[in-house]
Amino acid sequence: MTDRTAWDPLRRELDRWQAAGRVAQFWLRDDDAVEPTQALETLMALAGESGVPLMLAVIPGLTGEALALRLAEEAAVAVAVHGWSHTNHAEPEGKKQELGGERPADAVLGELREGFRLLQRLHPARFLPVLVPPWNRIDPALIPALPELGFAALSTYGRAREGGPIPLLNTHVDIIDWHGTRGGRSEGGLLAELVAELRDRLVGSDEPIGVLTHHLVHDAAAWDFLSALFAATGRHPAVRWSSASELLEP
C-alpha cells in the first residue's frame with residue numbers, strides 16, 4: 001500500500017510545472033527481458049492501462065522466438081539491445097561489467113553486432129537501435145564504434161553528457177534496492193529523487209526523466225510504487241510519458 005500524503009511533494013512540484021506552463025517528459029525502461037513471464041505480463045498490463053510506452057532491454061544471447069511472438073502485437077513496447085549475454089567479465093575486485101576492457105574490443109563489438117542483428121530479426125516492428133549496457137557500464141573506448149554497428153543511441157544511468165559520439169537516452173531513478181532488499185526501494189526515497197530531478201529540469205536541463213525497472217525482481221513494494229507513479233503522473237497536465245522512439249527523433 002502507498003501513503004497518499006507521501007506523494008504530496010511530487011504533486012506540488014508538478015503543480016509548479018503547470019503554473020510555469022511547462023510539461024515534464026518521463027520515459028520507462030525495463031531491463032533483463034528474456035522470455036514471456038507473469039512478471040512481464042504484469043508490467044505490460046500496468047503500463048498499457050496507464051498509457052505508458054515501454055522500452056524493454058532484451059538480452060540477445062538468452063532470448064528467442066517465444067518473446068518475439070508475445071511482443072509482436074504490443075504496439076507500445078519497443079525492444080533494445082541489452083549487451084549480449086549479461087555475463088560479467090570484470091576482475092573479481094572490479095564492478096560488474098560485460099562491455100569492458102577485459103576482453104579484446106573486436107570480441108565485444110562482435111557480440112554487440114550479433115545481438116543487434118538477432119533482435120532486429122526477431123522483433124522487426126519493435127526493434128530500436130539502442131544499446132543498454134548490462135549494469136549500465138561500458139568501456140568509453142568502445143562507444144565511438146557503436147554507430148558503425150548501427151546503434152543510434154546509448155542508454156545508461158545518470159545525467160547524460162552532451163557532445164559525445166552517440167546520443168544518450170539515460171535513466172535516472174531506479175526503483176530497485178540493489179544493495180539491500182533487492183526489492184522495491186522506499187517510497188519516500190524514490191519520490192525525493194523524482195522531485196529533485198524535476199526541480200533541476202525546471203530551471204535548467206530539459207533531459208527526459210528515465211524511470212528504470214527490472215520486472216523479474218519486482219516485489220509488492222515495487223509494483224505498488226509503479227502503479228502509484230503512473231496514477232499520479234498520468235492524471236497531471238504537467239507530465240507526458242514519451243516513448244523512446246519519440247525521444248530519439250531529430
Side-chain angles (χ1 to χ4, degrees), residues 27-34 54-64 67-68 77-124 126-174 176 178-179 205 207-214 216-217 243-250:
W27 76 287
L28 178 64
R29 190 187 102 199
D30 183 90
D31 288 2
D32 301 346
V34 172
L54 168 65
M55 187 177 85
L56 280 179
V58 177
I59 305 173
L62 302 180
T63 195
L67 184 63
V77 177
V79 170
V81 182
H82 199 27
W84 168 245
S85 62
H86 214 299
T87 300
N88 178 29
H89 296 285
E91 298 296 330
E93 67 277 5
K95 292 184 177 180
K96 292 181 178 180
Q97 188 166 347
E98 180 175 61
L99 310 180
E102 297 82 6
R103 297 183 295 156
D106 287 348
V108 179
L109 295 174
E111 290 180 348
L112 291 179
R113 181 183 293 107
E114 185 173 353
F116 184 105
R117 292 174 178 173
L118 176 63
L119 294 187
Q120 189 177 45
R121 177 181 63 79
L122 288 172
H123 305 273
R126 303 284 164 260
F127 181 72
L128 277 182
V130 176
L131 174 62
V132 179
W135 298 286
N136 289 299
R137 299 186 184 107
I138 182 171
D139 183 349
L142 298 173
I143 296 176
L146 296 181
E148 299 174 12
L149 301 181
F151 288 104
L154 176 67
S155 181
T156 60
Y157 190 83
R159 192 57 51 84
R161 297 180 180 179
E162 298 181 358
I166 190 170
L168 294 176
L169 181 60
N170 280 2
T171 55
H172 308 88
V173 179
D174 187 342
I176 300 299
W178 294 109
H179 302 293
S205 170
E207 182 180 357
I209 298 172
V211 176
L212 177 57
T213 64
H214 291 74
L216 292 175
V217 299
S243 67
S245 58
E246 290 176 306
L247 297 173
L248 291 173
E249 290 176 356

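Values below: every heavy atom of this structure, side chains too, minus hydrogens, waters and symmetry copies. The residues of the chain are indexed from 1 along the displayed sequence.
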[X] [atom1] to [Y] [atom2] distance, which is reported to the nearest 0.5 Å:
{"X": "L109", "Y": "E148", "atom1": "CG", "atom2": "CD", "value": "8.5 Å"}
{"X": "L146", "Y": "I166", "atom1": "CG", "atom2": "CD1", "value": "5.0 Å"}
{"X": "N170", "Y": "I209", "atom1": "CG", "atom2": "CD1", "value": "13.0 Å"}
{"X": "H172", "Y": "T156", "atom1": "NE2", "atom2": "OG1", "value": "8.5 Å"}
{"X": "H86", "Y": "E98", "atom1": "NE2", "atom2": "CD", "value": "7.5 Å"}
{"X": "L62", "Y": "S85", "atom1": "CG", "atom2": "OG", "value": "6.0 Å"}

- Take F151 and L131 through the test side-chain contact (heavy atoms from CB on, under 4.5 Å) and record every step on the way to the result. CA-CA 7 Å; F151 288 104; L131 174 62; 3.6 Å; yes

Write down the atom of [X], the atom of [Y], and the distance for their closest heavy-atom approach.
{"X": "W27", "Y": "T171", "result": "CZ2-CG2, 3.8 Å"}
{"X": "S155", "Y": "L169", "result": "OG-O, 2.6 Å"}
{"X": "A80", "Y": "L119", "result": "O-CD1, 3.5 Å"}
{"X": "Y157", "Y": "L212", "result": "CD1-CD2, 4.1 Å"}
{"X": "M55", "Y": "L128", "result": "SD-CD1, 4.1 Å"}
{"X": "H82", "Y": "P134", "result": "CE1-CA, 3.6 Å"}

- Message: For a side-chain contact (heavy atoms from CB on, under 4.5 Å) check, start with the C-alpha distance between V79 and L67, then their side-chain angles and the critical distance, and finish with the verdict.
- Response: CA-CA 11 Å; V79 170; L67 184 63; over 6 Å; no

- Do V81 and F127 have side-chain heavy atoms sitting under 4.5 Å apart?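 Of all side-chain heavy-atom pairs linking F127 with V81, at least one is under 4.5 Å.
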
- Query: Hey, does P133 have a side-chain heavy atom less than 4.5 Å from the side chain of L154?
  - Reply: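 A side-chain contact under 4.5 Å exists here.
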
- Task: Report, as yes or no, whether the 6.0 Å neighbourhood of atom CZ on R159 holds more than 12 heavy atoms from other residues, nucleotides or ligands.
- Result: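 Enclosed: over 12 neighbouring heavy atoms sit under 6.0 Å from CZ of R159.
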
